[in-house]
Enquirer: 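Before I ask anything, let me first share the structure, which is written out below as structure tokens.
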2 protein chains.
Amino acid sequence: MDTTQRTDQQRSADRRRRELLEAADRVVLRDGPQASMNAIAAEAGITKPILYRHFGDKGGLYAALATRHTDALLDSLRAALDAPADRRERVEATLDTYLAAIEARPQVYRFLMHPAEGGGPGDQGFDVGKHSAPLLRRMGEELAQVIEERLDLGPGGQQLARVWGHGIVGMMHAAGDWWLGERPCSRAELVRSLADLLWGRLAAVADRVGGPGF
Amino acid sequence: MDTTQRTDQQRSADRRRRELLEAADRVVLRDGPQASMNAIAAEAGITKPILYRHFGDKGGLYAALATRHTDALLDSLRAALDAPADRRERVEATLDTYLAAIEARPQVYRFLMHPAEGGGPGDQGFDVGKHSAPLLRRMGEELAQVIEERLDLGPGGQQLARVWGHGIVGMMHAAGDWWLGERPCSRAELVRSLADLLWGRLAAVADRVGGPGF
DNA sequence: AGACTGCTGTTACCGCAAGTAACATGCACG
DNA sequence: CGTGCATGTTACTTGCGGTAACAGCAGTCT
């Protein structure tokens, strides 16, 4: 019943957990989201039941993994978003940070966005009921908070900020996803185009003159 | 080797295929994306191998299902987008059409956005290599085409239109997904907020005066 | 010392779903 | 009548998520 012993055990367990997470990370990075528990256990040099003792089920492991990466990415984004600079510059820096991240490690990105629900009995994947990846939701909420904190939106501003937060994050995500697959232009061009969109250029440009239809 | 006979068989096969698709639809609507092939076969009153003869694998069936729904949704969206009205009105109508669709049939929406890659051997799901759901890509491309057709974007306009197409669709999707889960406001309010965002209000609003930080 | 606790680790198993092989049946054509 | 050919079946394999049940190895209490 000694307290120090308990702490020792806890520390050992935590270290082990971190090792397991890193092994899982390597496998997911290699095999994508459909990495099997067996493969992860093998990579960690152990067998399945240990993984289950540590993380409960596949959803737990994936959630732990996702939380790690999500936290890291969110830290970078916060840094870009909080920089002491012009609003447009901050927006562009944030977009660029996100795009650089998904460009650098597309496998991680793929995993975070597509959690690959399990096929087993009972378990329906770890995001039952929710549709999008947790990363998107968290980014949306964070951005909403920053918007509401920084901008004077008047009455109903909090709700507006949340809509915008999720909307902007979704814009970034979808454009980034498409860009990552087709690479139609440089990252800088993409950032500029998206910022232009957010800056109202869609409403500002003129109709085509000899356009089809009417 | 008669041609008419071949046509008869083809027609019969097509009808059968449609019946199977409708049965699959019912099951997916009921059980979500993790509907099993067995369940679908049972609903159709037959057994698994027939499904496999018609659709190849689970990915094929899901792709066929998704194509049907995607086509239907895209038709509605095109109608809203092509209406003879003010640009802002058209944008709002399109947003509203999309949101109404996902509100009316969230199960279908969930299925389309979250294709649930298979866990079997060999097969990696039907969207190997691509990340997002096909629906998002298709909507993005369609919107890009309309934008490029209607708006005078100057040099590099085609690429800009594609970025905007995918970006706007992503915005719509993420905001809609979040809204569907939390229902923080009415559909009309959401539409208005998103249109405001696209109309550059983000750039136009003032900084908060007594804001935290600096 | 010796029984007890609690952790780590194993092998061997269950249940389930995807996908396939092999066999049975109805039907038009020569 | 036999020959194609599509339709349908049962019964199987493979692979994965998840779970007993058991084995070793600390340190602890009496």
Side-chain angles (χ1 to χ4, degrees), chain A residues 1-20 23-24 27-28 31-63 115-126 128, chain B residues 1-20 23-24 27-28 31-63 115-126 128:
Chain A
M1 291 275 195
D2 198 344
T3 311
T4 68
Q5 186 217 334
R6 279 237 167 137
T7 308
D8 271 10
Q9 289 185 352
Q10 194 113 358
R11 257 214 292 246
S12 161
D14 276 14
R15 224 187 34 196
R16 200 86 182 98
R17 185 187 166 95
R18 221 171 297 171
E19 288 172 14
L20 297 185
V27 177
V28 165
D31 298 354
Q34 73 274 13
S36 80
M37 292 299 263
N38 256 326
I40 294 173
E43 171 73 27
I46 48 146
T47 50
K48 265 195 302 176
I50 303 184
L51 281 183
Y52 284 95
R53 277 222 260 275
H54 273 274
F55 301 103
D57 61 351
K58 192 175 188 179
L61 201 172
Y62 276 32
E117 45 203 278
D123 172 64
Q124 320 277 48
F126 78 92
V128 192
Chain B
M1 291 274 191
D2 199 340
T3 311
T4 69
Q5 186 217 333
R6 280 243 166 133
T7 308
D8 269 11
Q9 289 185 351
Q10 195 113 0
R11 257 216 289 247
S12 162
D14 276 14
R15 223 188 33 196
R16 200 87 184 98
R17 184 187 166 95
R18 222 170 298 172
E19 289 172 12
L20 297 185
V27 176
V28 165
D31 298 355
Q34 73 275 15
S36 81
M37 292 298 263
N38 256 326
I40 294 173
E43 171 73 27
I46 49 150
T47 49
K48 262 194 305 177
I50 303 184
L51 282 182
Y52 284 95
R53 277 221 261 275
H54 273 274
F55 301 103
D57 62 351
K58 192 175 188 176
L61 200 172
Y62 276 33
E117 43 202 281
D123 171 64
Q124 321 275 48
F126 76 92
V128 191

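Proteins get letters first, then strands, A, B, ... in listed order; numbering begins at 1 in each.
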Enquirer: Whole angstrom is fine here: how far is it from CD in B/Glu19 over to P in D/dT7?
Expert: 12 Å
Enquirer: Please report, rounded to the nearest Å, how far the P atom of C/dT11 is from the CD1 atom of A/Ile46.
Expert: 12 Å
Enquirer: Minimum heavy-atom separation for A/Ala41 to A/Lys48, with atom names?
Expert: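 Scanning both residues, the minimum pair turns out to be CB-N, 3.7 Å.
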Enquirer: State the CD-NE2 distance between A/Glu19 and A/His54, to the nearest 0.5 angstrom.
Expert: 9.0 Å
Enquirer: Taking CE from B/Met37 and P from D/dT9, how many angstroms apart are they, rounded to a whole number?
Expert: 14 Å
Enquirer: Taking all non-hydrogen atoms of both residues into account, name the closest pair between A/Met37 and A/Asp57 and its distance.
Expert: CE-C, 4.4 Å
Enquirer: Rounded to whole Å, how long is the line connecting atom OH of B/Tyr62 with atom P of C/dA18?
Expert: 7 Å
Enquirer: Nearest whole Å is fine: how far is D/dT10 C1' from B/Asn38 CG?
Expert: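 In whole Å, D/dT10 C1' and B/Asn38 CG are 12 Å from each other.
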Enquirer: Listed in order of residue number, which residues of residues 47-56 of chain B have a non-hydrogen atom at under 4.0 Å from DNA chain D?
Expert: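 Only B/Thr47, B/Pro49, B/Ile50, B/Arg53 qualify.
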Enquirer: Nearest whole angstrom, please: distance from the C1' of D/dT19 to the CG of A/Asp57.
Expert: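 Interatomic distance, CG of A/Asp57 to C1' of D/dT19: 13 Å.
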Enquirer: Passes side-chain contact (heavy atoms from CB on, under 4.5 Å), A/Tyr52 versus A/Leu61? Steps please.
Expert: CA-CA 8 Å; A/Tyr52 284 95; A/Leu61 201 172; over 6 Å; no
Enquirer: Tell me the interatomic distance from A/Lys58, atom NZ, to C/dC16, atom C1', rounded to whole angstroms.
Expert: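 About 15 Å, once rounded to whole Å.
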Enquirer: Would you mind reading off the bend of the helix from C/dA1-D/dT30 to C/dG30-D/dC1 from its two end axes, five pairs each, to 10 degrees?
Expert: 30°
Enquirer: side-chain contact (heavy atoms from CB on, under 4.5 Å) for B/Ile46 and B/Arg16? Distances and angles first, verdict last.
Expert: CA-CA 11 Å; B/Ile46 49 150; B/Arg16 200 87 184 98; 3.6 Å; yes
Enquirer: Would you give the length of the straight line joining atom CD of A/Glu43 to atom CG of A/Leu20, rounded to the nearest 0.5 angstrom?
Expert: 11.0 Å
Enquirer: To the nearest angstrom, how far is B/Ile40 atom CD1 from C/dG19 atom P?
Expert: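 Atom-to-atom, B/Ile40 to C/dG19, this comes out as 11 Å.
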